[in-house]
Peer 1: 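Please find one structure pasted underneath; my questions will follow.
Naming convention: chains lettered A, B, ... in sequence-line order (proteins, then strands); numbering from 1 in each chain.
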Number of protein chains: 2
Amino acid sequence: MLDARMKLTLKPIGVIHSPYKTKEKTPIQGIFRPEGTGWVELYPEYEEGLKDIDSFSHIFIIYSLDRAGRVELVRPTLLDDQPHGIFACRYPSRPNGIGLTIVRLLERKANMLKIGGIDVLDNTPLLDIKPYVPRFDSFPQASEGWFAGKQERPKPPGRE
Amino acid sequence: MLDARMKLTLKPIGVIHSPYKTKEKTPIQGIFRPEGTGWVELYPEYEEGLKDIDSFSHIFIIYSLDRAGRVELVRPTLLDDQPHGIFACRYPSRPNGIGLTIVRLLERKANMLKIGGIDVLDNTPLLDIKPYVPRFDSFPQASEGWFAGKQERPKPPGRE
């Protein structure tokens, strides 16, 4: 069993192709650019694991935030200039650098998935795909926390 | 940047304390045991990163499926005896072994979070916490895919 002194080694299982080549152009959340599409490419040795994926309209993609900057545990974020804890926001520079987003699954072609509502940088390493199941994952009554009322805005300079 | 030949090293940031000591007793999904509570313990050096977490009713917890068995890319699952691709199901034995669950945040005491609707094994290594924001994460209209109509059942022998 892992503990505080142990480490876990992961290996990318594919790569995410996105129209967003820079952090500046990458949307803060996919819902702010629902029209943005991209492709998830699974390395061919994993293709078999996609069986039945096309029965889902939405999927989670889990990836490595491989170009994120220095981690600060409390910091201003993209949607708010007030400092928030890193575990109370979705800012990309975070311990372990794991990214999570929910996208629309538009099409499957062999080991490639066309996705909509993407908010990741081009060439992002893919770590996992899980089906989004509203019975398990949709909580419309959940609180918005400090995000309540925060609107999309240009990314403040120096933030990513 | 990572590619297929590179590796990513993660370090647990805490540990999840759960009433479920065995795979057999661990619920398939949290919604099947909403009354089950546990504690997420963040190692003290990360406590500062919880600032404002208590403004959220629900959080994502991302963890290591550290006791999962052998990965099969296509396999029968916990809710269905038909084989499905590992990326089209939530089965725990999967490439990279990253677990994801959405839980209710009930209480914060310093570096400890009391959570409800837990579906993880006791002593599971914690990798990340993110706030669940319904505007970004709730898609009640998403399809249930092959999960449609599947009801909770005892875990079939030999599955975890």
Peer 1: Only pairs of heavy atoms separated by less than 4.5 Å count here; which of B:G117, B:G14, B:G49, B:G97 has the most with chain A?
Peer 2: B:G49
Peer 1: Is the shortest side-chain heavy-atom distance between B:F60 and A:F60 below 4.5 Å?
Peer 2: yes
Peer 1: For chain B, which of A:T101, A:V74, A:I62 has the most heavy-atom pairs under 4.5 Å?
Peer 2: A:V74
Peer 1: Shorter than 4.5 Å, heavy atoms on both sides: which option in A:E47, A:Q82, A:K51, A:E48 has the most such pairs with chain B?
Peer 2: A:K51
Peer 1: State, to 0.1 Å, how close A:P95 and B:I13 come at their nearest heavy-atom pair, and which atoms those are.
Peer 2: CB-CG2, 4.0 Å
Peer 1: Is any side-chain heavy atom of B:N96 less than 4.5 Å from a side-chain heavy atom of A:D128?
Peer 2: no
Peer 1: Under a 4.5 Å heavy-atom cut-off, does chain B meet the side chain of A:L100, its backbone, both or neither?
Peer 2: both
Peer 1: What's the shortest heavy-atom distance between A:L73 and B:E45, and which atoms?
Peer 2: CD1-O, 3.3 Å
Peer 1: Heavy atoms under 4.5 Å from chain B: which residues of residues 132-146 of chain A carry them?
Peer 2: A:Y132, A:V133, A:P134, A:R135, A:F136, A:D137, A:S138, A:F139, A:P140, A:Q141, A:A142, A:S143, A:E144, A:G145, A:W146
Peer 1: Counting only heavy atoms closer than 4.5 Å, note whether A:L50 contacts chain B via side chain, backbone, both or neither.
Peer 2: both
Peer 1: Using every non-hydrogen atom in the two residues, find where A:F87 and B:I53 come nearest and quote the distance to one decimal.
Peer 2: O-CD1, 3.1 Å
Peer 1: For residues A:L127 and B:L8, determine if any side-chain heavy atom of one lies less than 4.5 Å from a side-chain heavy atom of the other.
Peer 2: yes
Peer 1: Counting a contact as any heavy-atom pair under 4.5 Å apart, which residues of residues 16-35 of chain A contact chain B?
Peer 2: A:Q29, A:I31, A:F32
Peer 1: At their closest point, which heavy atom of B:P131 faces which heavy atom of A:F147, and how far apart are they?
Peer 2: CG-CE1, 4.0 Å
Peer 1: If hydrophobic clusters are built by linking Ile, Leu, Val, Met, Phe, Trp and Tyr wherever their side-chain heavy atoms come under 4.5 Å apart, do A:V15 and A:L113 end up in the same one?
Peer 2: yes
Peer 1: Using a 4.5 angstrom heavy-atom cutoff, name the option from A:R104, A:H84, A:R94 with the most pairs to chain B.
Peer 2: A:R94
Peer 1: Which atoms of B:L10 come close to chain A, meaning under 4.5 Å heavy atom to heavy atom: side chain ones, backbone ones, both, or neither?
Peer 2: both
